[in-house]
Amino acid sequence: MQMMLEQFRKQIVEIGIQLKEYKLISLTGGNVSGRDEETGLIAITPSGMEYEKLKPEDVVIVNIDGDIIEGNRKPSSDLITHLQIYKARKDINGIIHTHSTYASCFAVLNESIPVVSTTMANEVGGEVPVAKYAPVASEELGISIIENIGDQKAVLLQNHGVFTFGKDPHHALVAAVMLEDASKVYYLAKAIGEPIRLPEEEIKRANDLFKNVYGQR
Ligand SMILES: O=C(CO)[C@@H](O)[C@H](O)COP(=O)(O)O
């Protein structure tokens, strides 16, 4: 029998492996999901399995209510949070959760990460807020994230880690990698001085440049 969304499932596995390559997670930490635009179905990593050992069939296909449509594995324990975000933001079709070190430092301090570099303005979009603490996989955690995301590409979870978003899983990965890079620069700069915040108009300029000019078109 043909597997549903086989290419999409392969992409989810590859992004899971990249989370490790970019040192954003350890062992089975974090999770990745994507929403297929055509069917509205969601492909999510299974709970507690190492990404490099995953096969496409280990990725679980669910509908927006969390019913398993195809797959024999137990889906990520953060499934409910991913679903709450997909319900709230129709433009988001890729979600990544990590405990990346530098960004998580600010999550445990309950401190948002301001835009202090053009890189962060380009690829993360704006100041990254902190969603107030709620237990993992609780409805309150999803509500807290949604209250904070606006049209952001990332949010910190107090005392926990990071969620990033994108128009597809690849763009959620880009936000996760760039947020960690920017968090590291901010952390180190704070250790030796007072980082200068970029003014709003410069954040907008960098953001527009990245959206409309950067890269191959
Ligand atoms: O933060 C948490 C749980 O505290 C999760 O990110 C786990 O680290 C991974 O959970 P699964 O997706 O493997 O269930």
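In each ligand, atom 1 is the first atom listed, and ligand 1 is the first ligand listed. Note that the structure is predicted; figures quoted are calculated from it, not measured.
- In plain terms, the two heavy atoms of Ser138 and Gln84 that are nearest each other are O-OE1, 4.0 Å.
- Interatomic distance, Arg205 CZ to Leu198 CG, rounded to the nearest 0.5 Å: 10.5 Å.
- No side-chain donor from either of Ser104 and His99 sits under 3.5 Å from a side-chain acceptor of the other.
- Residue-level proximity to ligand 1 for His160 is carried by the side chain, the only part with a heavy atom below 4.0 angstrom.
- The two residues Leu79 and Pro75 have their closest heavy-atom pair at CD2-CG, 3.9 Å.
- Scanning all protein heavy atoms for the shortest distance to atom 6 (O) of ligand 1 gives His97 CD2, 3.0 Å.
- Atoms of ligand 1 lying under 4.0 Å from any heavy atom of Ser76, numbered from 1 in the order shown and given with element: 11 (P), 12 (O), 14 (O).
- Interface of Gly29 with ligand 1, defined as ligand atoms under 4.0 Å from a residue heavy atom, comprises 8 (O).
- Residue-level proximity to ligand 1 for Asp78 is carried by the side chain, the only part with a heavy atom below 4.0 angstrom.
- The two atoms that bring Pro129 and Asn148 nearest to each other are CG-O, 3.4 Å, heavy atoms only.
- Nearest heavy-atom pair across Ile96 and Leu19 is CG2-CD2, 3.8 Å.
- Of the N or O atoms in Gly48, one or more lie within a sub-3.5 Å distance of an N or O in ligand 1.
- Of all protein heavy atoms, the one lying nearest to atom 7 (C) of ligand 1 is Gly30 N, 3.9 Å.
- Between Glu127 and Arg197 there is a salt bridge, since a side-chain N of the basic residue sits under 4.0 Å from a carboxylate O of the acidic one.
- Contact check for His82 versus Ile42: no side-chain heavy atoms found under the 4.5 Å cut-off.
- A heavy-atom separation below 4.0 Å is not found between Lys74 and ligand 1.
- No heavy atom of Thr45 sits closer than 4.0 Å to any atom of ligand 1.
- Close contacts between ligand 1 and Ser47 involve ligand atoms 11 (P), 13 (O), 14 (O) [criterion: under 4.0 Å to a heavy atom].
- In terms of protein heavy-atom proximity, atom 11 (P) of ligand 1 is nearest to Ser77 OG, 3.6 Å.
- Between Val136 and ligand 1, a contact under 3.5 Å exists for no N or O pair.
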